[in-house]
Every structure is written in structure tokens, then in C-alpha cells.
Protein chains: 2
Amino acid sequence: MTKALERREKLRAALIQAAEQMIAERGLAGLKTRDLAREIGCANGAVYNLVADVDELILRVGSRTLLRLDETLTLATNAGEPSPRESLVRIALAYCDFAAENLQLWRALFEHRMETGKLVPDWSVHDQMQLFRHIYQPLAALFPGRSPEELGITARSLFSAVHGMAALGLERKLVAVPLPALRKEITGLVRAMIDGLIAHDVKGAAAAD
Amino acid sequence: MTKALERREKLRAALIQAAEQMIAERGLAGLKTRDLAREIGCANGAVYNLVADVDELILRVGSRTLLRLDETLTLATNAGEPSPRESLVRIALAYCDFAAENLQLWRALFEHRMETGKLVPDWSVHDQMQLFRHIYQPLAALFPGRSPEELGITARSLFSAVHGMAALGLERKLVAVPLPALRKEITGLVRAMIDGLIAHDVKGAAAAD
DNA sequence: AATAATATTGAACGATGTTCAAGGTTCCTG
DNA sequence: CAGGAACCTTGAACATCGTTCAATATTATT
């Protein structure tokens, strides 16, 4: 029993790794089951013993990408002990850099759409939630008056805004912007957002008095 | 000569309209040439007399979507004569509302990727540039000290940030957020960004003295 | 009206994801 | 250790795409 399952797991790992490399090199649309099968040395049909369908395969690669992204953001947060404000800037820049360095894999996270009717499995959804965690902590330090729910919403908004800048900035479709310029823009806008949010907080508190 | 070309143009218009409706109903992935041909009453192969390939078809639909979006933003800008700051908020909300009401068509604008090697035609690129124009004017009023280039960059950053909030907010993948909540978040963050940018401007000017 | 030019057709091609019966391996049991 | 049960692997076959093209039908010109 061990022999068969062992080989299966080995092949599975190889499959996911091959898929990761293929997406990284040729984009999500360049992922082909026949190429994958040739790569890991098995028949085309055998892929479906290792994985239910390509949707699952893409999700598994996405999970790995999210994990690496998470590690990157963790590293960015722990570098030195800057103010919460600068911590958020660092996180945003780390996100941008990760996207630039893992462009195709990062795009695959957002480009992929499940075939209609099939819903994303729990383990995949759970992975995605973890990302906001990094933003949450500095935000909580900056806005001690806000409830956890409010902080969660603000965290998601901030994340989304930075994501949008990276997404459109790294896109060739709209004007291509050089990476250093994009980093500078993100830095400026994150600082502006935070300062603006702080100012509103003060105003709100004053009005509440 | 007129008879043939006339029919051709009629069919072309019908094709693009059918494609638009099909994308709106079933998403970009639901666009099938055979269904389109049946819809407009011609053979599958005839589609390629009206259009070079589906890429062009998608781009043509995108052009129409961008045009409607442009009209929507124009309307939002001209409604009343609010301050530049509130004008920007209105534009952002109009963008969000348009995305929500034209979800699939709006997604198609960003989901579509040309097959590698083929580049987007000029007329399509030109369409996309026009969007920043709406943001540019209020920004110029708010930041008279900035150069046109700087304003253009800020406009794109602001647009990208709002786009990101709409994109992730309207996505089912990350937590689904109700539209009113999303609008409120966008309003808050746009105001914060602008106020933050203004504060930085003042600080920068003071430091320059 | 005859002929040249052009448009339209739908069958066929090559890819692609997915399935499945046939045949091979591996594992448990007597 | 032998033999059967359970499982795995295979590669051919299927359905569905976008796209092409020789044959046919239509339109325009002389």
C-alpha cells in the first residue's frame, strides 16, 4: 500500500511543481495537461488520478504562491521596527515587488475563474484570508479607537487599493510604468491614505465630543 | 457594390452587439463563435469575414464598454458643481456603480489577454487613455503646483487604487462585500487619499521654502 | 446576358480538457 | 508463496473550441 501511495504523492508533487513552472513561464493560458504529463513522465489521462481537474491544479499552485507571498510579507513586516505607518509602506512595496518578480503566478491568482457553478474549496478560501493579517496589525496600532470589524474593512480597502496600483501598473495594457516609478507612487499614495485616514479619525473623534 | 457592403456592415454591427450581450450574460469565457453565428443568422465561418478573430471582436466590445463608461463618468462629473474633492468622490462612485451594473463587460476589459506576440491595436489603446481625463481636471484644480506629467501620474494612481477596491470588492473570490458598504469604503478612502496628498503638498512646499 | 469578382458556406483541421475500457501492478489473504 | 481482489496507468476516443479553405452562391461589370 505504501509503495503505490508514495509514488502517487511523488508524482502529485511533481505535477504541481511542473504546473507552477509552466504558469510562471507561459502564463495561465499556457498550462496544458499533455505538456504536464510529458514533463512528469506519465500519460495524459494519469493527470486525473493526481488531481480532479485543472481547476484544482491551478488552485494548488495558487496556494503555493499565496504561501510564498505570505512569507515575503512577514519578512517585510519584521525588518527593523519602524513605525506602523512605515511598516504599511514596506508591506505595500513588498507586495508590489513580489508581484513584479512573480508576475505570471501572481496574475494567475486573480485571473483564474472557476467554471460556473463550481465553488472554490474551503482550503483555498482560507489561504486568501491570511493576507489581510499583515496589514491588520499596524492598522490596529494606528487606529486604537476602531473596532476589529472596522479595522478588517480598512485593511481590505488598503490592500485592494495597493493591489489595484500594482495590477494596473504592471499591466502592459494601460501605460507601462517602470517599476521604480511604481514603487514611488505606491509609497506616496499609501502614506497619503494613512495620513488622510488619521486626519479623518481625529475629526470624527472631535465631532463626537 | 453597395448592397454587399451594406449587408456586411449590418451583420458586423449585429455580431458585435450579440457578442456584447453574450459576454454580459455568460462572461468572457462564454463567448463562442458558433453561438454568435447562430444568433446573427450566418455560418460559423462567416464570422471571420466580419472580424479578423475573436480577439478583435472582444476589443470591439471593449471599446463600446469604455465608451459607455466614459459617458457615465462625464455625467458624474457634470452633476452639480461640487468641489474638486467631491467631484473625485463622485467619479470614483460612478466607476464603482458602472462596474457593478456591467460586471461581466467591465471584467472583460481587464481579463482579456491578447495571444502572446500580437499587440493591441492603436484604436483600442487610445480608448483606454481617455479614462484618466475625468480625474485629471479636478486633480489639476486641487494641485495647481504640479506639472502635467505629475498630475498624469497621480491621476493614474488614484484611478488604479479605486479600480482595485472595485475589482476585489466585487469579486466573489475574496470576501463578498455588499455594494453599499463598498461605496462607503471607496468614498472614505478617496477622501483620505486626497486629503493626504494635499497635506503632503503643503509640507513639500514648506520644505522647499 | 455572360463573365469576372466577391461573399458565404459548412465540412474539416488541429488543439484541448476530460473520460473510459483494457491491460498491468500492487497488495492482501489463505 | 500463490492467486485473486483492488487499484493504477494507459492511450485511444469524445466533445468542444477557434480557425481555415475549397466549393458554391451571390453580386457587380461589361
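Below, chain A is the first sequence line, B the second, and so on; all start at residue 1. These values consider heavy atoms only, across backbone and side chains, with no hydrogens, waters or symmetry-generated copies. Computed from a predicted model, the values in this text were never measured in an experiment.
Between the P atom of D:dG18 and the CE atom of B:M22 lies a distance of 10 Å, rounded to the nearest Å. Distance, B:R7 CZ to C:dT8 C1': 8 Å, rounded to whole Å. B:L11 has its CG atom 19 Å from the P atom of C:dT6, to the nearest Å. Separating the CG atom of B:L15 from the C1' atom of C:dA7 is a distance of 16 Å, rounded to the nearest angstrom. Look at CG on B:L57: it is 16 Å from P on D:dC17, rounded to the nearest Å. Going from atom CG of A:D55 over to atom C1' of C:dT16 covers 14 Å, rounded to whole Å. Between the CZ atom of A:R26 and the P atom of C:dA15 there is a distance of 13 Å, given to the nearest Å. For B:R8 and D:dT27, the CZ to P distance is 15 Å, given to the nearest whole Å.
Under 4.0 Å is where a charged nitrogen must lie from a carboxylate oxygen, and between A:R68 and A:E71 no such pair does.
Side chain of A:R34, nearest nucleotide from D:dT19, C:dT18, D:dT10: C:dT18. When each of C:dT19, D:dT19, D:dA13 is scored by its nearest atom to the side-chain atoms of B:T33, the top-ranked nucleotide is D:dT19. Across C:dG17, D:dG18, D:dT10, the shortest atom-to-atom separation from the side chain of A:Y48 is found for C:dG17. Of all nucleotides listed (D:dC8, C:dG17, C:dT8), D:dC8 comes nearest to the side chain of A:N49.
With 3.5 Å as the limit, one finds no donor-acceptor pair spanning the side chains of B:Q21 and B:Q17.
A donor N or O paired with an acceptor N or O is not found under 3.5 Å between the base of D:dT19 and the side-chain atoms of B:D53. Between the side chain of B:N44 and the base of C:dT9, no donor-acceptor pair under 3.5 Å is found.
Residue-level contact check: A:L31 touches the backbone only, with heavy atoms under 4.0 Å from sugar-phosphate atoms and none from bases.
Along DNA chain C, the nucleotide nearest to A:A46 and the one nearest to B:A43 differ in position, and the one closer to the 5' end is contacted by B:A43.
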Would B:D55 and B:H112 count as a side chain to side chain contact (heavy atoms under 4.5 Å, CB included) here? Give the steps. CA-CA 8 Å; B:D55 268 348; B:H112 178 58; 2.8 Å; yes

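The only member of A:V61, A:L109, A:I58, A:L105 that meets side-chain contact (heavy atoms from CB on, under 4.5 Å) when paired with A:L28 is A:I58.
Ring to ring, B:H163 and B:F110 are close: their centroids are under 6.0 angstrom apart.
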